[in-house]
Amino acid sequence: MKILSFESSCDETAVAVLLAEDEQIRVLSNTVATQIDIHRLYGGVVPEIASRAHIDAISALTYEALRESGYTLSDIDLVAVTANPGLIGALLVAVNFAKSLAVANGIPLVPVDHIKGHIAAAYLNTETPPKPPFLALALSGGHTSIYRVDTYTDYKVIGETRDDAIGESFDKIGRMIDIPYPAGKGFDALAKEGFIRATGKTEGFYLAYKKAKLYRGGDFVLPSPALNDGTLDFSFSGLKTAAINLLHRYEQKGLPLDRALFAARYTYEVCEAVAKKISLAIDAHPDVSALVVAGGVAANSHLREVLSRVAKKKGIPLHIPALSLCGDNAAMIGAQGYHEYKNGKRADSTLNASALDSI
Ligand code: KG4
Ligand code: ZN
């Protein structure tokens, strides 16, 4: 089955073509037009500008995705589109485009939840995709959630953030230490510099950090975002407030801030919290066959390392999408769309978008 898929929930317009058969899903083309340079001027996404930029990009991207795949519209068996959650005006662009295209050409249409899409990136271009039941960790600009996935379409939230999301937290604090929006990638690199300096090691620095003098005796003491209440939930607001207060203190006292050491400490607290909650989740769900980690923040190199260590220790296979499939893209939407279609989901010309979560 050939699938044409669309994504426009935030600041990336994306179109992809996939070839799917049984559990195997191959990416034939995966085009993305990012708006990051436009929104960077404002330090975050401006919804109205995002919608307009999606409209400008989507048509040409669709031609490009089809051309690159080697197929034409008449070969397409299924159209999939992100219908929620996200910025409503942005979502509506791809929803209406996909809907018009599907209805006018008599192609089945399926709506896809963006977060399920992120997880479905783990099914792409692999001969051994994870099979439910598995645990999934969605780490993005808007989500920090742990799910139990019992079938490809049936998700249950077992842990989540009660306030800010993990990506949002990197972006907000990153902005305060002059990392351009979106700060995740720059934060990752700066933290690496800090870990290396704190430990004197260029490899294995994350593991060595806890014993380093600059960790133990350092003055960047920050609280963990892992809630200590027996749940699998997180709260990033305490960490955010403590970090902001610390940065203000440095500024008020005119102290020079070592940005790299600060970024390392912040990253360490975040990574350890995620590792702790996912360990507890694995213990509480011994019947699952795999752990899937996805979303833009799954690109974080320190998190990838710590989670692979947790998975190894627990003896559970870990699936993290390739870096190119961690950020927003349409291939992941097509992958989830395929499973939704197989489960009988269909939409018609009344399909609407929603800003809200559906899981
Ligand atoms: O999944 P995504 O592309 O969009 C949403 O659905 O939100 O995630 C975007 C988030 C941003 O907050 C960005 O700063 C973060 O992912 N991000 C990272 C890294 N690369 C992107 N965060 C930490 N480390 C990274 N390497
Ligand atoms: Zn996303």
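The first residue in the sequence is number 1, and the count goes up from there. Counting convention: from 1, in listed order, for ligands and their atoms alike. Keep in mind that the numbers below use all heavy atoms, side chains included, and drop hydrogens, waters and symmetry copies.
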Contact check: L139 vs ligand 1, nitrogen or oxygen atoms, below 3.5 angstrom: no
Heteroatom distance test (G295, ligand 1): nitrogen or oxygen, under 3.5 angstrom: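 No, since none of the N or O atoms of G295 sits under 3.5 Å from an N or O of ligand 1.
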Proximal atoms of ligand 1 relative to G167 (non-hydrogen, under 4.0 Å):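 Answer, ordered by atom number: 12 (O).
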Close-contact set for ligand 1 against G327 heavy atoms, below 4.0 Å: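 Selected atoms, number and element: 3 (O).
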Starting from [atom], which protein heavy atom do you reach first, and at what distance in Å?
atom: atom 6 (O) of ligand 1; value: H114 NE2, 3.1 Å
atom: atom 26 (N) of ligand 1; value: D188 OD2, 3.0 Å
atom: atom 24 (N) of ligand 1; value: N300 ND2, 3.0 Å
atom: atom 21 (C) of ligand 1; value: G296 O, 3.4 Å
atom: atom 22 (N) of ligand 1; value: G184 CA, 3.3 Å
atom: atom 7 (O) of ligand 1; value: G141 N, 2.8 Å
atom: atom 2 (P) of ligand 1; value: D328 OD1, 3.5 Å
atom: atom 11 (C) of ligand 1; value: D171 OD2, 3.5 Å

Atom of D328 nearest the Zn ion (ligand 2) (restricted to N/O/S, atom name only):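 Sorting the N, O and S atoms of D328 by distance to the Zn ion (ligand 2) puts OD1 first.
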Heavy-atom pair with the smallest gap, counting every atom of I3 and G334: CD1-O, 3.9 Å
Electrostatic pair D258-R197, nearest N-O below 4.0 angstrom: yes
Heavy atom of G142, distance to ligand 1 below 4.0 Å: yes
Ligand 1 contact by H143, heavy-atom criterion under 4.0 angstrom: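 Contact absent.
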Within 6.0 Å of CD in Q24, more than 12 heavy atoms from elsewhere: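 Counting neighbours around CD of Q24, more than 12 heavy atoms of other residues, nucleotides or ligands fall under 6.0 Å, so yes.
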Intermediate values then yes/no, salt bridge (Lys or Arg N to Asp or Glu O under 4.0 Å), D287 and R148: CA-CA 11 Å; D287 61 321; R148 182 185 163 96; 2.7 Å; yes
Under 3.5 Å, is there a donor-acceptor pair between the side chain of [X] and the main chain of [Y]?
X: D233; Y: E160; answer: yes
X: N125; Y: V27; answer: yes
X: N105; Y: I107; answer: no

With a 3.5 Å cut-off and no angle check, do the side chains of [X] and [Y] form a donor-acceptor pair?
X: H54; Y: Q35; answer: yes
X: D164; Y: S169; answer: no
X: T34; Y: E12; answer: yes
X: E7; Y: T82; answer: yes

Within reach of ligand 1, part of V297 (heavy-atom separation under 4.0 Å): both
Residue portion contacting ligand 1 (non-hydrogen atoms closer than 4.0 Å) for E12: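 No part of E12 is near ligand 1 at this cut-off.
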Heteroatom test (N, O or S) for H118 near the Zn ion (ligand 2), limit 2.8 Å: yes
Contact check: C10 to the Zn ion (ligand 2), N/O/S below 2.8 Å: no
